[in-house]
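So the structure is just underneath, and the comments pick up after that.
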Protein chains: 2
Amino acid sequence: MSPTAQRPDALHPGAGGRATARPTLEEVAALAGVGRGTVSRVINGSPRVSAKAREAVQNAIAELGYVPNRAARTLVTSRTDSIALVVPEAETRLFSEPYFSDIISGVSAELAETDMQLLLILVRNQRERDRLSAYLTAQRVDGVLVVSVHRDDPLPGLLESLEIPSVLAGRRGDLEPLSYVHADNAGGARMAVRHLLRRGCTQVATLTGPLDMEVAQARLGGYRRALEEAGHAYDEDLVGLADFTEEGGRVAMRELLDRRPELDGVFCASDVMAAGAMQVLRAAGRRIPDDVAVIGFDDSIVARHTDPPMTSVRQPIEEMGRTMARLLLDEIHERGRARRQVVLATELIVRDSA
Amino acid sequence: MSPTAQRPDALHPGAGGRATARPTLEEVAALAGVGRGTVSRVINGSPRVSAKAREAVQNAIAELGYVPNRAARTLVTSRTDSIALVVPEAETRLFSEPYFSDIISGVSAELAETDMQLLLILVRNQRERDRLSAYLTAQRVDGVLVVSVHRDDPLPGLLESLEIPSVLAGRRGDLEPLSYVHADNAGGARMAVRHLLRRGCTQVATLTGPLDMEVAQARLGGYRRALEEAGHAYDEDLVGLADFTEEGGRVAMRELLDRRPELDGVFCASDVMAAGAMQVLRAAGRRIPDDVAVIGFDDSIVARHTDPPMTSVRQPIEEMGRTMARLLLDEIHERGRARRQVVLATELIVRDSA
DNA sequence: CTACAGTGTGGGAGCGCTCCCACAGCTGGG
DNA sequence: CCCAGCTGTGGGAGCGCTCCCACACTGTAG
């Protein structure tokens, strides 16, 4: 314990040592020799302050290590300077896992510049859903991000009627009134199927997600469109209804093989479904990609580790998070601005499975 | 718009229709025919209230749909009723991804019973680290959870000196003064290596994580201990230093094969390293598990999808999150209670790679 | 009958801000 | 010369709570 030993104490340079009470606006004002109002104006960036006063205040703030008390500010402005990221828990498990952390990472990156706080709210049952309603009604956040939506999810409706600024990842349907950001699911699917056709597949099947989700619908739509553009008739027997999960992919793939043993390509609406499908195909003695080419969706971590490594459609998830945050901040600051929609491009990552 | 059309409006049953301003304590008091103090006592569960008054207040609260204003409460109590989950971003990428969501899921589950809010703070560079310091010093949270720690991470030291209740996932070293929760890394590693020995391996190598992390050290320690217990000398040539990543695993595995071509088992301190190692082994013409048996750590999603599916050590991550939250709440409510440590058991999930 | 604990209660003070009104000082036009 | 009209400024009021003091109103002991 030498006197020069550095201690992580660097935050009260002015104060004479131990952690005293936090300085208030009034103390800053006293030190700067101005009134409370002037200090407040400086902090909030008002132009109506003389250069001299502004400098005095800034020095005082630095000297005291002043940080505004958020609660006091919230009490009078009824802004909270915080937004909620709501995750319907059921979805988290379905989506490829990195999705979740990447969205958060993007949102957080965008928020880092502001002094907004990010509140995380997982909703896993009706009770928690009710709590969330009460929470939102009590105006405890300035805005809401929703990570994934089912067609019949009541949450977006609630947000709409409460008129809370909000942005969804994905949408409920074509005419989603709330702002949302999503990847070009249809385009990605179309790109994948075209890739299969180009490499010579003539019997291209698909494994879908749960069709009460717009993402699943959109990916199926892209599949269908690519086939039709290439002059193939849409054949329902080539469509395997599944649920984004590995086990669902296995089951649907088996049925598909029974119905259409001659199929030579499969576009899967998620990587884990594709992984399941690949297991089934291999068990059935099909070589990948020679007998059957397989493409997944998400470009998640499993895509790199299947055997062979999987060709997959990548969506810019972190960018989606960033965009969501940006839209939300806009909506919060310019109340009543029109809702906005953003579609981000997807990309085909070609590996060895197709 | 029929008059009976249901609107999601159920939260102001007493109010005569449109969203009016939120009711205050005072209005509740007026309606219940009591004073402000009595209402406050009822809300905060004080015993010094007559049954009659309590009932009147509860009715008034229900009728008005009253929800206390958090900011006002915070202003006077200087409790914030929120805790921060801090994620040093660099780590997130290293750890197998589900780790992150599972910890959050556990924490959130535990918090659901309380009215604590969960704040998420990602720290990815020095600037954000500074902001966090200011944030914590300004007492904007009642407690802090830290998701993963390096030996030289300054954050735990800061938390210690600010005396903020905090719980770490993992620890810096043997004598970690802060509360922490971690999996039995050493035990899991030992279990894995014993499994390899039991199946007949005689030359068991290991791939380590970065040794400035205690987890990596502990897993290496478990490896060493199992070998010594079985009467094998510790052989440095069988230890490949890596960094938890897939590429790191590949590089270290190649070196290991050069040094000790006769090795017949590898314990890897993470699944993704094991996946990288398996690629290298296969490329070198080794059959898994017949020529070389491989075990990973984390039992993450990749473990199920490698070829062959990987035997791996599972840690109870969600349970870790839950426990962290529980310890933190205790520490917040009983200020100055002794720091606590919790170690949770790991489990060997046997698949086909060993 | 007075004294005196012990309950339950009302309401003032005050947490640290922002908002806004009043006012001082300084132009410049009539 | 006065009176607008600008800046820039100080400080009162008040946001919605909790804390705590003072004050009934009981009941029991002296």
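What you see below is based on every heavy atom in this structure, not just the backbone, and it leaves out hydrogens, waters and symmetry mates. These figures come from a predicted structure and were not determined experimentally.
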Among D:dT18, C:dC17, D:dG8, the one nearest B:Leu25 by side-chain distance: D:dT18

Pair of N/O donor and acceptor under 3.5 Å linking C:dG10 base with B:Arg41 side chain: yes

Which nucleotide in D:dG16, C:dC17, D:dT9 has an atom nearest any side-chain atom of B:Leu75: D:dG16

C:dT18 OP1/OP2 closer than 4.0 Å to side-chain N/O of A:Ser40: yes

Cationic N near anionic O, under 4.0 Å, B:Asp330 to B:Arg340: yes

Touch class at under 4.0 angstrom, heavy-atom based, for A:Arg73 against every strand present: sugar-phosphate

Side-chain donor/acceptor contact of A:Arg70 with base of C:dG16 under 3.5 Å: no

Over 12 foreign heavy atoms within 6.0 Å of CD, A:Glu55: no

Given D:dT9, D:dC17, C:dT9, the nucleotide with the shortest approach to the side chain of A:Thr38: D:dT9

Nearest-Å distance for atom pair CG/C1', residues A:Asp81 and C:dC17: 13 Å

Nearest listed nucleotide, side chain of A:Asn69, among C:dG11, C:dC17, D:dT9: C:dC17

Non-hydrogen atoms of A:Met116 and A:His333 that approach each other most closely: CE-NE2, 4.5 Å

Short N-O contact, B:Arg36 and B:Glu27, less than 4.0 angstrom: no

Distance-only donor-acceptor test (3.5 Å): side chain A:Arg36, base C:dT18: yes

Touch class at under 4.0 angstrom, heavy-atom based, for B:Ala29 against every strand present: nothing

Nucleotide nearest A:Ser50 (side chain, heavy atoms from C-beta), chosen from D:dG8, C:dG16, D:dG11: D:dG8

